[in-house]
**Student:** 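The structure that follows is given in the form of structure tokens.
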Amino acid sequence: MGNVIELEGVVKQYDSAGAPALGPLSLTVAEGEAVAITGPSGSGKSTLLNLVAGLDKPGEGRVSVGGLRIDGLGEKALARFRRERIGMVFQFFNLLDDLTVVDNILLPAQLAGSARGRAMERAAELMEVLGIAKHGRAYPGRLSGGERQRVAVARALINRPALLLADEPTGALDTASGNEVRQLLVDLHRSGQTVVLVTHDLALAESCAERTVQLVDGNIAVDRRNAEVVR
Amino acid sequence: MSVFRGNSTAGPRIRLGRVGRRRVQTIVMTLSVLMAVASAVVAGALMVSASAPFDAAFAQQHGAQLTAQIDESATGADRIAATGHLPQVTASSGPYQTAQIDPPGPGGLDMQQSQTVVGRSAPTGGVDDIVLRSGRWATAPGEIVLSTDANSVGPDTTLGGTLKISPAADSPTLTIVGLASSITDSADGWVVPAEITALRAPGTPATAQMLYRFSTATTTAELNADRDAVAAALPAGAIVGAQSYLDVKLAADENTALFVPVMTAFGVLGLLMSVIIIASVVSGAVGAQIRRIGILKAIGLTPGQVVRAYLAQALVPSAVGAVVGVVLGNLLAMPLMGDAGQMYGGGSPGVPWWIDLAVPGAALGVVALAALVPALRAGRLRTIEALAVGRAPRSGRGQWAQRLAARLPLPRAVTLGLASPFARPVRSAALLAAVLFGTTAATFAIGLTSSASAVTTAREPGQSIPVSVFLASPGDPGSPASKSGGGAADPAKTLAVIQSQPGTADAIGQSQGVVTVAGGTGAIRVRLYQGHSSVEAFALISGRWFNGPGEVVVPTHFLDTTGHKVGDSITLVDQGVQVPARIVGEDFDPGNAGLVINTDMATLAAAQPTLHPDFYDVTLKPGTSVAGYVNGLRAALQSTSAHVDATQAGHLNPTVVAFDAMAVLLTLMLVSVAGLGVLNSVVLDTRERVHDLGVCKAIGMTPGQTVTQVLTSVAGAGLVGGAVGVPVGLALHDFVIPLVMRAAGSGTPAQVQNVYGVVELVLLAVGGVSIAVCGALLPAGWAAKARTATALRTE
Ligand SMILES: Nc1ncnc2c1ncn2[C@@H]1O[C@H](COP(=O)(O)OP(=O)(O)OP(=O)(O)O)[C@@H](O)[C@H]1O
Ligand SMILES: [Mg+2]
């Protein structure tokens with residue numbers, strides 16, 4: 001099994017004066033693995049995720065995802081990389097309010113130029129699996145937090161990405177909705193999806209991921225296998 | 001004092017928004033106010049400088065609102081004097097007997113311009129106080145006081161000089177004892193009343209001058225009514241001429257009549273633009289900072305402080321623009337005001353101080369109001385709602401548009417862009433307004449400037465004439481006799497020489513005269529033509545140019561003053577002889593108070609059989625070199641006193657040139673401000689969508705797609721604004737120009753009205769879209785390049 005993510009000597013520094021926000025740091029994530037990134041606030045979790053998603057570039061080091069070096073790519077290539085290989089889920093959903101649920105989900109496929117028919121099939125399938133089929137024509141504003149996050153997950157998965165990145169996906173949700181999303185991530189992982197999950201919630205980390213990487217001040221403090229994933 | 005309490009009177013200085021640091025918006029606000037204030041200062045200064053010196057002098061000298069020439073033989077002097085007691089009349093002076101004299105020009109040349117001499121025993125007398133400039137008043141027969149405004153009577157008009165009353169060798173002479181002026185130009189000279197009989201040519205009717213002031217006389221219509229009232233109190237046809245002070249005022253600065261409305265239009269357009277831009281900037285800032293306002297209010301900022309903070313943000317750049325605008329306006333007004341300032345010898349030519357205060361004050365007041373509306377909204381905003389913004393999803397506005405657009409068989413980036421304006425209707429409306437108003441203003445301003453320059457051209461109809469031949473020394477009739485000595489060249493012989501010269505296409509003879517029109521005006525200038533004069537015809541407003549004797553072409557103001565229309569028959573009175581004529585055309589000729597009659601020289605043949613041209617305008621056959629032709633003709637005419645001149649191109653009035661240049665400058669400024677206003681709207685629009693754009697980029701939108709989406713989102717407003725703005729600007733121009741021309745006392749000739757070319761209009765329409773799209777490129781590029789991670793943080 002190959003590595004989906006390979007970080008090597010990655011350093012990210014926001015302001016030239018202070019210490020780097022991240023790194024130097026090296027990390028690999030294998031295909032099919034579910035990794036939870038934890039750590040105190042400001043420890044660099046989101047920074048790490050943004051680097052892997054190609055949303056930001058490291059000052060030093062190499063970032064490869066799915067065998068592709070992305071730290072030197074241009075914006076256009078990065079955009080193509082994101083929509084083909086990455087699915088992202090955010091704490092505050094980041095759905096477009098003026099698009100219906102189904103249009104939100106379809107958007108990455110449409111931006112990639114996929115045929116609408118095939119994209120629709122895939123969207124329908126995802127909505128069915130994620131339990132939001134009946135909300136297809138609704139707008140995100142009407143949905144509960146948990147439902148919105150499931151729409152975000154569907155959108156992230158529409159292009160069958162090699163890697164799903166989630167930054168505090170339960171951070172804005174109540175316990176019940178948080179549990180729905182947690183169960184969803186568990187199911188996804190079990191179906192073979194590679195997942196990198198940022199959370200400061202250790203319980204979530206333990207339950208969804210087989211491996212936990214703990215950051216402290218931008219460096220890996222702990223990198224350990226979890227006990228058996230809770231069902 | 002506790003560190004926690006702060007300064008309770010002034011309140012903390014809080015920087016709410018970042019308007020001041022947003023360069024585009026600051027520049028746009030400053031520039032728009034600058035442009036508005038500069039034009040308004042120029043307009044105001046011109047308005048005041050044009051009318052103030054005249055009005056002041058008119059009041060001080062008790063100027064006559066109506067100067068009537070009355071036929072004494074038909075009416076007794078008592079009856080004429082009795083008209084001074086009509087209820088409408090508030091003051092009167094006269095009757096003063098008058099005579100026409102015909103002093104010879106240089107070298108004894110017959111000037112063919114009769115001069116009106118009035119018999120007055122004193123310069124003052126209730127109405128029309130004559131101001132002595134030098135010398136003294138005439139006290140004995142044989143003395144004359146000359147008007148400084150007269151068209152230079154005789155060869156020697158200096159104090160102590162003498163003046164022959166006709167070209168005849170045995171003509172009596174008058175000694176010039178004084179130089180004086182009348183504010184309404186009521187006479188060319190004054191003598192003691194006893195002198196008049198001696199000055200009257202045998203057979204000419206005895207006329208008297210009566211000067212009136214009325215209770216209502218602010219418009220031509222009111223004055224015409226007053227004149228009719230006076231006429232009704234006299235036997236029919238007794239009034240042989242009447243001159244309104246409004247005509248004199250109009251003639252005092254004919255340019256100003258045109259400049260003021262145009263500059264005012266620029267001032268108003270600029271101010272409207274400022275209002276749109278400032279309202280849009282401030283409401284944009286408020287809209288973008290609602291959460292920030294909520295947070296600040298939650299921690300204790302009062303609504304008043306919020307309002308003040310936003311007002312200050314609009315007023316600081318506006319104040320800078322206003323101050324620079326005042327300076328610029330003063331500089332621009334200088335060359336235009338030279339004319340008016342000099343005329344009555346009074347006042348230094350400069351912008352009155354109160355205009356320099358009132359204009360920026362008013363502009364800032366309007367701007368403050370424009371900013372106040374959104375600022376109040378920010379002040380009233382409920383803290384809870386403000387805090388909720390950005391967390392809660394926005395209401396689903398524009399969803400129908402997205403649903404519709406999603407169906408279109410276009411790339412997703414395009415359809416997203418097309419639908420997005422509907423999600424933020426207020427901001428989209430602001431953008432639409434900016435494009436619409438910008439396009440309208442640009443279209444209107446360009447039309448206005450083109451019309452103004454068309455007016456300049458139309459006033460000089462002889463521009464196409466390459467060569468002129470003067471029979472006497474050129475230009476200045478007051479100069480000493482020409483070098484070849486004695487008299488002018490013979491017109492017929494000169495014409496024969498011109499016509500036999502190779503290269504000559506045609507020669508049009510021209511001369512001038514003065515006539516009165518029965519029942520109407522005072523002395524009116526007549527431009528007399530001989531030959532095919534239509535090549536140098538004035539621009540026509542209606543009717544046609546004259547084809548032969550007995551037909552006249554007159555300007556609009558002539559028709560207004562006399563109550564005639566094209567097609568009417570009138571009677572010209574020349575040297576006491578009545579000459580019938582028919583008005584066949586209305587021409588555009590606002591000079592000389594809009595009272596010049598154009599006709600064939602033969603029209604006046606009955607009155608003046610010896611009438612002949614003073615000069616010939618020569619047109620050349622195609623391919624003839626002007627320089628070669630002039631040299632050849634000079635050689636052929638060398639032995640005579642005829643003088644050959646190549647017409648100097650562009651000998652335009654420097655004031656008019658300055659005005660045209662200024663109109664172009666203001667148009668450019670207005671167009672740039674319009675463009676910047678659109679840019680500003682697009683920037684604000686895009687800024688509000690940065691977060692959504694960040695989301696799209698995070699899920700794989702390429703920079704190209706981002707730019708496409710932003711561009712298509714403004715293209716709609718650009719297209720609609722451009723498509724609507726151009727016809728609106730056009731309609732506005734077509735509506736305003738006749739009003740402006742009317743205000744200047746003239747109708748509108750076609751070449752002043754129809755100034756737009758198809759290419760120009762298409763460019764303007766496309767301009768709206770291009771400005772919107774170019775304006776969007778900047779923020780689109782910014783959005784495309786922005787670190788997605790940063791954009792996603794924006795809330
Ligand atoms: N755009 C930026 N500019 C400057 N500093 C930044 C920027 N983004 C993050 N940082 C800094 O980098 C450090 C790591 O930030 P990061 O957002 O990765 O932390 P985090 O672990 O995700 O924290 P949290 O759990 O609060 O989300 C912090 O000190 C933060 O202040
Ligand atoms: Mg974070």
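Below, read A as the first sequence line, B as the second, and so on, with proteins coming before strands; counting in each chain starts at 1.
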**Student:** Of all residues at least two apart in sequence or in a different chain, which pass the salt bridge (charged side-chain N to carboxylate O under 4.0 Å, His left out) check with A/E125?
**Tutor:**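 Scan of A/E125 (salt bridge (charged side-chain N to carboxylate O under 4.0 Å, His left out), adjacent residues dropped) gives A/R122.
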**Student:** Would you mind listing every salt bridge (Lys or Arg N to Asp or Glu O under 4.0 Å) that reaches into residues 151-174 of chain A, with sequence neighbours excluded?
**Tutor:**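 Counting only pairs at least two positions apart or across chains, no salt bridge (Lys or Arg N to Asp or Glu O under 4.0 Å) contact touches residues 151-174 of chain A.
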**Student:** If you round to the nearest 0.5 Å, how far is CG of A/N159 from CD1 of B/I699?
**Tutor:**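 Here the interatomic distance stands at 9.0 Å.
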**Student:** Which residues, numbered in order, of residues 102-115 of chain A come under 4.5 angstrom of chain B by heavy-atom distance?
**Tutor:**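 From residues 102-115 of chain A, the residues near chain B are A/D103, A/L107, A/P108, A/Q110, A/L111.
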**Student:** Does some side-chain heavy atom of A/L99 sit less than 4.5 Å from a side-chain heavy atom of B/L416?
**Tutor:**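 Heavy-atom side-chain distance check passes, below 4.5 Å.
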**Student:** Any side-chain heavy-atom pair from A/L55 and B/K697 closer than 4.5 angstrom?
**Tutor:**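 The answer is no; the side chains never approach within 4.5 Å.
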**Student:** Looking at every heavy atom in both B/P703 and A/E75, which two are closest together, and how far apart are they?
**Tutor:**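 The pair with the smallest heavy-atom distance is CG-CB, 3.3 Å.
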**Student:** Is it true that a side-chain atom of A/R80 and a backbone atom of B/G700 form a donor plus acceptor pair closer than 3.5 Å?
**Tutor:**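 No, A/R80 side chain to B/G700 backbone: no donor-acceptor pair under 3.5 Å.
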**Student:** Taking all atoms of both residues into account, what is the closest heavy-atom pair of B/M701 and A/A79, and its distance?
**Tutor:**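 Nearest pair, atom of B/M701 first, then A/A79: O-CB, 3.4 Å.
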**Student:** Please round to the nearest 0.5 Å and tell me the distance separating atom CD of B/Q705 and atom NZ of A/K76.
**Tutor:**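 Going from CD on B/Q705 over to NZ on A/K76, the span is 8.5 Å.
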**Student:** Does any pair with a residue in residues 58-69 of chain A pass side-chain hydrogen bond (donor to acceptor under 3.5 Å, both in side chains), and if so which ones, sequence neighbours excluded?
**Tutor:**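 Checked against side-chain hydrogen bond (donor to acceptor under 3.5 Å, both in side chains) - neighbours excluded - the pairs reaching residues 58-69 of chain A are A/R69-A/D71.
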